[in-house]
Every structure is written in C-alpha cells, then in structure tokens.
Amino acid sequence: MKRGRDNNQEEPSKRIRGASSALSDDDDSSDIEFEDDFDDEYEEEDIIENEDEDEDEDDEDDDGTTDDAGVKFKALDIQDDEDEEIEKDAPKQIWRKELRPMEEDEILVHDPSAYDCFHAMNVTWPCLSFDIIPDKLGAATRKYPHTMYLAAGSQAATADKNCVIFMKISNIQRTKEKEEEEDSGSEEDLEEDDPQGDNPEIESVHMSVNGDVNKLKLMPQQQGGKMFMAAWIDSGIPKVTIYDIQQHVKHLDVPGTLVSKDSNKEYMSIVHPLEGFALDWNPISAGRLLTGDCKGTIFETNVFTQNIVADGYKGHTASVEDLQWSPTEENVFISCSADKTIKVWDARADKRKAMISVLAHEADVNVLSWNKKVSYLIASGSDDCSFSIWDLRKFNKDSDVGHFAYHDKPICSLDWNPHDETQIVVASEDNSITVWDMSLEPDEGDEYTEEFPPQLYFVHQGQKEIKEVKWHPRIMNMIISTASQGFNVFKTINAAEAEMEALRSK
C-alpha cells in the first residue's frame, strides 16, 4: 500500500447518492478552512463553491488564527452568496462515475442539503493518522451542540517541524437549515432549541516529534492516572513510541494548564526490525498493545509492566498492514498483510503459528475493522480496490459474506459504525468516502448494477489523498476523516432522518 502524499492528484469533489451534485466549467478548488459552507441563508437552487487553495501553507491568512502551540487553524469563514463564482443559472445534473467520466474542465459541487452537519478545518501540515481521545462527556448522544477531542500526527516538509496535535472541538452545530414540520414532538427529543448557532471553537496544544507520524492510537482506558498514546514515528529508528498525554489533554479543558517538558518525553519505546504502520490497543485488558512492522513481525507489549513478548508473532511473509484486537475476547486478535492474507491469533497459543490464515484478497490487505456489536463480523480493505465482509464462524478462502468493488483505487481505511452493526464507512485513494448499510435490499422494480449496489448508502467527496476515516464512538453517526487538505467532520442527512424516524416510531 502506498503511504504518504501525492502532489499530482486531481481536484476532489463531493457528491451523494440521491442528492444533486452540480457540474461546472469552473476549475477553482477548495482551500479547506475550518468553515461551514451550509450555515448561510441560501436559495434551494443556489450552488456554493469554495475559493482557491493558497499554495503557500506557511502564509498567515487574514482570517487565520494560530494556537498557543504554533499550530495554525483557520477561522470559520461563512461564504456569502455574492462570493459564489458559479452562476445560479448554471445547468445542474447528478453525476455518477459509472455513467461517464469527469471532463477536465468540470468539478463537482456538493449539495448542502445532503448533510445534517458538515465542518471542515485545516492545520499547518497534513495528518496521515488521527484518533479520537476518550472523553467523559456521558453516554452516546445525538443532540447538538457536540464536543469532541482528537489527536493527530503530522507529515511536515522537514522532520523537525512535525508534531502531534491535540484538539478540543466544541460547539459543533447542525449546519442544515431546520425544516418546518407539523409534528415536532419527537424532533424536540433529537435537537436543541436552536440547532444553528455560532461556529465551532478549537482549543489545541501540540507536542513536537522528530519525524512523520505514520500511525497513532490512544489507549481506550485511563488507568493509574495515565493516558497513553502509541505512535509509529519515522525518526530513522524503527520503533513505536509510547507517551503519557494526560497533561496535554488537561490543557484543552483548562487553557493555561502547564504542560511540562517531561510530558513530551517518551514513556517507553518498542524497537522493531523495520518501520511499520500497524498498532492496536486491547479494548478489554488495559495496557496491552500490538505493533506490526514491514518485516512481518508482530510484537505484544504491556505498557504497565513494560514487558515485550519475546520473539513476537511470526507468520506473515510480508509487511503487517493492520492489527485489531477482538472487542469481546481479550486474547484474540486479527492481522492483515501485504502477503494478501488475514490471520487470526490467540495470544495464549504458539506465537509462530496463527489459529486461522486465509488468502483474503488478490492484492495487499491494507486495513481491518472488527464489528463491535456483532463480534463474529470483520471487514477488510485491499489494494485490489475492494472491501469484504467476513463471518469468523465460517472463515476460509472465498467465504466472504459480502464483497464490494465500487471504488477505483485501493482502500485505505474502514470502520464499522459502533452504534449500528449494519453500517460501515470506507475510504479510498480515489478521493472518496462511502457509507454502506448491509441491511439494505433493492426495492421491487429498482435497477442496480455491480457498480452501484443497493447497500451504498452515501458518497462523500471533497478531500484529496484521504488517509483515515472513523465514526465517533459517542456522537452517533458522526464521521471524521483526515486528508492532505485537512479534516472533515460530518453527519449525513439520511442518517439524521433515520434517527428522527426511529424516535417517531417509539
């Protein structure tokens, strides 16, 4: 799987199945700021287009803000109708990639009505990897406004400019205009009184690191006063570094809280034969960390005892691309590799032999996701541009219970919805993110093709060189993605409508 940035990619776009995306002859692209294109007053037929991206990432825009750690975030900038460069009377049509390719002078423009919530932001440098910092803000919720905490690792122009950014994004509001409805009783359970409000607010602090951050993950448990983060950092030494980030996160809630220099020091490190990208924390047994490298070696480490399992798990013949602990069995995990296989391991058994090994794809298997609500379902994404759903109760070659080849380029990230066992979000190097619902079946009389299957729930575009996508574990149906131009935080309109319908049916 190709890692890092590609500076020669075409301009991205946004679209949605079942909602209008307009074609225009204007080739201006988006300078993705932390902006909300939808919070304006707009007419139904209006099209909103973003401004050109500033080629110099280091230039400070007039509306830019720099946090106290030196990481630049652009202020939310609501575009007025008078700033739009696409004429309102320009012809619009829904574009589908399987019907015809895009022309060189055409771009896709998103339909604002396709999102219940959409916000975009950028930082000084692109982030290859991010994770959601565990919070104590209560149970799963749908109600606006939302608050979330993120950690992201940069890929800067030079190694000494890299950092891990810790962010608190608060006051995340709905961006779709609220429609008048006769029966608003159930709607009040879903929304705040004023879902449209001020722009999101950001608090941030950073920790300098000497190298690109290839992958990072946060330990889901907070134990012994520690909040651990593990990161593969390309520093010239092939190792995974563990940090205790509790002071950095505390700073987000209490600005001005001292972040000592000692808090930026390594808690411990795990040296591998070669660099890598794979790591995962055990969701049941706190402190247990899996790490995998490009030589095919998997190590297990207990960060509390600082014990590394001798020799590691050996079985893959090529790079270990991803690792996932079982959500229900503390000693079981899966791995995938550039050797095209998925392996199931038992940490109590022989480290030199996996319990199950399956030739899963026709090319490198890049990513895995384990369904948190149905523990026998896993998903895999590959360089063969497809992703598959597997039932571990009957796991063998060609036994996938779902195989989808919608995307045109390799799959780089996927994640099961933690609140809906039938939904999965998938990101591809073709600059698109798709949401799939495995419970959907074609209606009688509907025509579907392999290129446009009935399970395809939503298509999101507008970022290029997408690297990771995740559902928020507490904010229901909220998706976060990172790409070369920054982050998108969004909730689809069909997800919001499904929530509303579920409330009404109670």
Side-chain angles (χ1 to χ4, degrees), residues 1-4 127-131 151 153-155 159 162 164 207-219 228-245 264-282 285 287-325 331-347 349-354 357 364-368 383 412-413 467-468:
M1 178 182 178
K2 182 180 178 182
R3 307 281 181 172
C127 296
L128 290 176
S129 183
F130 78 97
D131 203 3
S154 72
Q155 185 187 36
N162 278 297
V164 176
M207 177 178 69
S208 296
V209 294
N210 189 30
D212 293 343
V213 180
N214 293 335
K215 190 81 170 183
L216 64 77
K217 282 192 177 181
L218 282 294
M219 188 176 80
F228 287 123
M229 177 188 73
W232 270 110
I233 299 173
D234 187 8
S235 61
I237 301 174
K239 66 178 182 177
V240 174
T241 306
I242 314 296
Y243 298 93
D244 179 4
I245 62 169
N264 292 338
K265 293 181 179 179
E266 298 180 6
Y267 181 82
M268 68 172 292
S269 60
I270 306 159
V271 178
H272 275 256
L274 288 176
E275 69 169 350
F277 301 90
L279 51 82
D280 195 40
W281 293 96
N282 194 308
S285 182
R288 294 176 67 181
L289 174 70
L290 291 170
T291 55
D293 62 34
C294 293
K295 193 175 181 179
T297 306
I298 300 171
F299 288 154
E300 181 189 347
T301 303
N302 189 311
V303 296
F304 291 114
T305 63
Q306 299 198 12
N307 176 58
I308 302 175
V309 175
D311 297 328
Y313 300 84
K314 297 179 180 179
H316 285 296
T317 59
S319 172
V320 176
E321 296 293 290
D322 203 3
L323 294 159
Q324 287 266 294
W325 284 103
N331 289 304
V332 177
F333 67 91
I334 54 176
S335 61
C336 67
S337 168
D339 64 13
K340 308 177 186 179
T341 68
I342 299 173
K343 298 184 186 295
V344 182
W345 304 81
D346 188 330
D350 188 346
K351 305 296 188 292
R352 294 167 296 179
K353 186 177 180 181
S357 182
D364 299 10
V365 187
N366 298 325
V367 286
L368 296 167
D383 266 358
C412 55
S413 183
K467 295 303 177 185
E468 287 189 346

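Source: prediction; values computed, not measured.
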Mark yes when over 12 heavy atoms from residues, nucleotides or ligands other than K340 sit less than 6.0 Å from its NZ; otherwise mark no. no
Please report the interatomic distance OH(Y243) to OG(S269), rounded to the nearest 0.5 Å. 9.0 Å
Hey, does the side chain of D339 reach the backbone of H316 with a donor-acceptor pair shorter than 3.5 angstrom? no
Identify the two heavy atoms, one from L274 and one from P238, that lie closest to each other, and give their separation to 0.1 Å. C-CB, 3.3 Å
My understanding is that only residues two or more places apart in sequence, or in another chain, count here; which of them pass salt bridge (charged side-chain N to carboxylate O under 4.0 Å, His left out) with D234? none
So which heavy atom on G211 is nearest to which on I233, and how close? O-CG2, 3.7 Å
Not counting sequence neighbours, which residues clear side-chain contact (heavy atoms from CB on, under 4.5 Å) with S285? List them please. N282, R288, E330
With a 4.5 Å cut-off on side-chain heavy atoms, are M268 and T301 touching? yes
For C336 against V367, the heavy-atom pair lying closest together: SG-N, 3.9 Å
When you measure from the side chain of D280 to the backbone of W325, do you find a donor-acceptor pair of N or O atoms at a distance under 3.5 Å? yes
Whether the E468 and S129 side chains hold a donor-acceptor pair (N or O, under 3.5 Å, no angle test) is what I'd like checked. yes
Expected output: side-chain S337 to main-chain A318 donor-acceptor under 3.5 Å: yes
Would you check if Y267 and Q306 make a side-chain contact, meaning some heavy-atom pair closer than 4.5 Å? yes
Rounded distance (nearest 0.5 Å) linking atom NZ of K353 with atom CH2 of W345: 11.0 Å
Got a donor-acceptor contact below 3.5 angstrom from the D364 side chain to the N366 backbone? no
List for me each residue that meets salt bridge (charged side-chain N to carboxylate O under 4.0 Å, His left out) alongside E275, sequence neighbours excluded, and say none if there are none. none
Which is it for V209 and V164 under the side chain to side chain contact (heavy atoms under 4.5 Å, CB included) test, yes or no, and what are the steps along the way? CA-CA 7 Å; V209 294; V164 176; 4.2 Å; yes
Could you grab the distance from atom OG of S319 to atom CG of D293, nearest 0.5 Å is fine? 7.5 Å
Do I342 and V365 come close enough that some side-chain heavy atom pair is under 4.5 Å? yes
List for me each residue that meets side-chain contact (heavy atoms from CB on, under 4.5 Å) alongside A349, sequence neighbours excluded, and say none if there are none. D346
I298 side chain near S335 side chain, heavy-atom distance below 4.5 Å: yes
Any chance you could measure F228, atom CZ, to I245, atom CD1, to the nearest 0.5 Å? 10.5 Å
For a quick test of reading the model, state the closest non-hydrogen atom pair linking A230 to I242 and the distance between them. CB-CD1, 3.6 Å
From K215 atom NZ to L323 atom CG, the distance as rounded to the nearest 0.5 Å: 9.5 Å
Could you go through the side chain to side chain contact (heavy atoms under 4.5 Å, CB included) check for M207 and M229 one step at a time? CA-CA 12 Å; M207 177 178 69; M229 177 188 73; 3.7 Å; yes
Near K295 NZ, under 6.0 Å, is it more than 12 heavy atoms from other residues, nucleotides or ligands? no
Once salt bridge (Lys or Arg N to Asp or Glu O under 4.0 Å) is applied, what residue pairs with a partner in residues 264-273 remain, sequence neighbours excluded? K239-E266, D262-K265
Side chain to side chain contact (heavy atoms under 4.5 Å, CB included) partner of F299, chosen from L290, L279, I270, L289: I270
With a 3.5 Å distance limit and no angle check, can you tell me whether W232 reaches the backbone of A278 through a side-chain donor-acceptor pair? yes
Quick check: do N214 and L128 have side-chain heavy atoms less than 4.5 Å from each other? yes
Taking only residues two or more places apart in sequence, or in another chain, which ones meet D212 in a salt bridge (charged side-chain N to carboxylate O under 4.0 Å, His left out)? none
What is the distance from atom CG of L368 to atom OG of S413, rounded to the nearest 0.5 Å? 11.0 Å
N210-S235 side chain donor-acceptor pair, cut-off 3.5 Å: no
